[in-house]
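Every chain is numbered from 1, with letters handed out A, B, ... down the list of sequences.
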Protein chains: 2
Amino acid sequence: MLTQLTLDQLRILASIVDEGSFSAAGRRLGRVQSAISHAVRNLEEANGVTLFDRSSRRPELTAEGRVLVEQARRVLAQVDTYERMAGAMAAGLEPQLTIAIDPFVPTPAVIDLLAGLRQAFPDIAVTLYTEGIGAAERRIVSGSAIIGICALNPFAPVTVQAFRIGSIDMVPVAAKGHPLAGKAAPLEPEDLAEHVQLVLTDPLESTGPNFNVVSPTVWRFVDIGRRLDFLLGGFGWGFMPHYLVREHIAAGRLFKLALSDANVLLGAIDVSVIHDRSRTPGRAAQWLLTKMREPDWHETFAYSLPKSADAKL
Amino acid sequence: MLTQLTLDQLRILASIVDEGSFSAAGRRLGRVQSAISHAVRNLEEANGVTLFDRSSRRPELTAEGRVLVEQARRVLAQVDTYERMAGAMAAGLEPQLTIAIDPFVPTPAVIDLLAGLRQAFPDIAVTLYTEGIGAAERRIVSGSAIIGICALNPFAPVTVQAFRIGSIDMVPVAAKGHPLAGKAAPLEPEDLAEHVQLVLTDPLESTGPNFNVVSPTVWRFVDIGRRLDFLLGGFGWGFMPHYLVREHIAAGRLFKLALSDANVLLGAIDVSVIHDRSRTPGRAAQWLLTKMREPDWHETFAYSLPKSADAKL
DNA sequence: TAATTTCGATCAATAATATCGATTATGGAG
DNA sequence: CTCCATAATCGATATTATTGATCGAAATTA
């Protein structure tokens, strides 16, 4: 035995407080009273703290005891979690679920999804990656994440199984003071050429091709929030998910640009849930995949975005 | 033994991960290697989860093991807290420190104080009461709190030991639209008589005398925040701690009233730290009392209030 | 008041199990 | 291939938890 203190002692302590007496605790735990008495004595001697005042009929917690029982319960709660986690794993639940999400995927739908997961699998450890664009898919391919929610790269390996769950409207915007913001007529490529386009880019493949790149002069951003700051600051124009700039457009801080059809390569980004076909998803991953394939959840996802009629405006 | 799982097993698990091998963990814990091996086997069998992959030279955690080690460490951290708390109590530290604070005492100074307490006594349990005015002193007298920070009642029992730590400027205010707000000349009692005064009151002694009560028509509030809402709503006038209404006066939402000297009973409330002379304060309480008597801390307290020159304005 | 029940402490006997020490098997480095 | 460190295994032993019986004190009941 490494230490004096044992879990059994703490469990017994908690039971005594719950039941009101040593004997009753013994009955509940299936031990004789003397065993309880002995355990309490050991616990008290382990730390040199008297836990119960036995002078009256029923044992009463001392001031020290009152505080330590609470701490004992915290210990037991953590132990309980350990055992539930271990039990779930023994029953075949994957120990850890890693999810990678592209930065433009709206948060509310994901939160809703994970709240459901937490209810179905309370003790599973979840890791959520949100990195630069393209990173989610790369994590699926490399195996460092099980489930990805991202834009599907048309050149993705065949082992990547994808299922479309919705789409995000993209709008070209510029800040209030920006020269492009005023022009009402459809903007032609030559109008855009003289202005800097702010582009969201894959941090690892910054030299590669990007979609929706129109201007010859491009600033590349890995962080979509930072890019929004630059857009608001009037540093250039760029495509943004409509749900992220909706408020800014309504407030007049950003203006939607009316591009001519020649410029609009992508009016919306398709969002898919992806996983690696070659590795079997665990029970929790399976649950997530099933959930995201339900039409109901597609509505939830769409609801977290502005209505499409709104986006056209 | 009530359960299969023991603290020793978890401790051993953590040590193995720290040291990198069963043998090394045994050396650190003063056990032979076979004891470690046995303990791990028991832990694995208790939950039916394999924690280590032993196929290579050094044991490697399985995916399940990685997650469970983290949980084991959480358990051990709670146990450690239990032991430190118990140890502190055995060394004479009071298990619980209860502090009662009057609602008008500014929070920043108290936060600063308790941050220091936490550093000096990391594991003590603190309960902080903030109730109606007068409640703090009552808790000291009744013994349900050890230290009070409050306005001293001149009729307090002699067993209450008090030490003045500062004062809070009180200003009479009324909202923008209130009839009194416009008047520049010093207001006489007859000017006030026609208007409702909003008063902070002791919830248990609402019929008793209150200080600074000038108007014959009085609305009594227990919650100072609620009273501020009513002041802002223009329901009447009243005395407020200057630091709480400073912003509102600057923003023009509240106006400071110019009362004639006949009305101003209390321009400031003295704040004292009090405790019951008859019960010896514990080490942590003693620390607080000493700290609050230092001139340095009086400055901290004063700093959390507007400067007095400001208050006169 | 007296009898009865319930409770916690104590102690010796016993059951359970943790630890030791020796041994064997195995993987990795040189 | 050899050597070293390591983990698993096993019987023996030491340690510890648990039991069951008994005692005195305190509350409950008649």
- Item | For A:Val273, the option from A:Ile147, A:Leu288, A:Leu152 that meets side-chain contact (heavy atoms from CB on, under 4.5 Å) |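 Considering A:Ile147, A:Leu288, A:Leu152, a side-chain contact (heavy atoms from CB on, under 4.5 Å) with A:Val273 is found only for A:Ile147.
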Does the side chain of [X] come under 3.5 Å of the side chain of [Y] through a donor N or O and an acceptor N or O?
| X | Y | value |
| --- | --- | --- |
| A:Arg11 | B:Thr3 | yes |
| A:Glu64 | A:Thr50 | no |
| B:Ser144 | B:Ser142 | yes |
| A:Ser272 | A:Arg164 | no |

According to side-chain contact (heavy atoms from CB on, under 4.5 Å), who are the partners of [X], at least two apart in sequence or on a separate chain?
| X | answer |
| --- | --- |
| A:Arg277 | A:Gln161 |
| B:Ala35 | B:Arg31, B:Val32 |
| A:Arg226 | A:Phe221, A:Asp223, A:Asp229, A:Phe230 |
| A:Val110 | A:Ile101, A:Val105, A:Leu114 |

In whole angstrom, what separates [X]'s [atom1] from [N]'s [atom2]?
| X | N | atom1 | atom2 | answer |
| --- | --- | --- | --- | --- |
| B:Glu60 | D:dT6 | CD | P | 15 Å |
| B:Arg54 | D:dA8 | CZ | P | 4 Å |
| A:Leu5 | D:dA17 | CG | P | 12 Å |

- Task: Starting from the first five and the last five pairs of the helix from C:dT1-D:dA30 to C:dG30-D:dC1, work out the angle between the resulting helix axes, to 10 degrees.
- Result: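 Roughly 30° between the end axes, to the nearest 10°.
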Under 4.0 Å from any atom of DNA chain C, heavy atoms only: list the residues of [range] that qualify, in numerical order.
| range | answer |
| --- | --- |
| residues 27-47 of chain B | B:Gly30, B:Arg31, B:Val32, B:Ser34, B:Ala35, B:His38, B:Asn42 |
| residues 12-22 of chain B | none |
| residues 66-73 of chain B | none |

- Query: First and last nucleotide of DNA chain C touching chain B, 5' to 3', heavy-atom cut-off 4.0 Å?
  - Reply: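 Contact span on the strand: C:dA18 to C:dG28.
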- Shortest non-hydrogen contact from B:Met89 to B:Pro95?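 Minimum heavy-atom separation between B:Met89 and B:Pro95: CE-CB, 3.6 Å.
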- Message: Both A:Gln9 and A:Ser55 contact DNA chain D. Taking the nearest nucleotide for each, which residue is further toward the 5' end?
- Response: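 That would be A:Gln9.
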- So, the side chain of A:Glu94 versus the backbone of A:Arg283: is there a donor-acceptor pair under 3.5 Å, distance only?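 Yes, because the side chain of A:Glu94 sits within donor-acceptor range (under 3.5 Å) of the backbone of A:Arg283.
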- Message: Using the salt bridge (Lys or Arg N to Asp or Glu O under 4.0 Å) criterion, which residues pair with A:Arg293? Sequence neighbours excluded.
- Response: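 A:Arg293: no salt bridge (Lys or Arg N to Asp or Glu O under 4.0 Å) contacts found.
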- Under the salt bridge (Lys or Arg N to Asp or Glu O under 4.0 Å) rule, collect the residues that match up with B:Arg118, sequence neighbours excluded.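 Counting only residues at least two positions away or on another chain, B:Arg118 forms no salt bridge (Lys or Arg N to Asp or Glu O under 4.0 Å).
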- Message: Going by salt bridge (Lys or Arg N to Asp or Glu O under 4.0 Å), name the pairs with one or both residues in residues 33-42 of chain A, residues two or more places apart or in two chains.
- Response: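 Qualifying pairs, neighbours excluded: A:Arg41-A:Glu45.
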- Identify whether NZ of Lys or CZ of Arg in A:Arg139 sits under 6.0 Å from the centre of the six-membered ring of A:Tyr129 and within 45° of that ring's axis.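 Yes, A:Arg139 sits over the ring of A:Tyr129.
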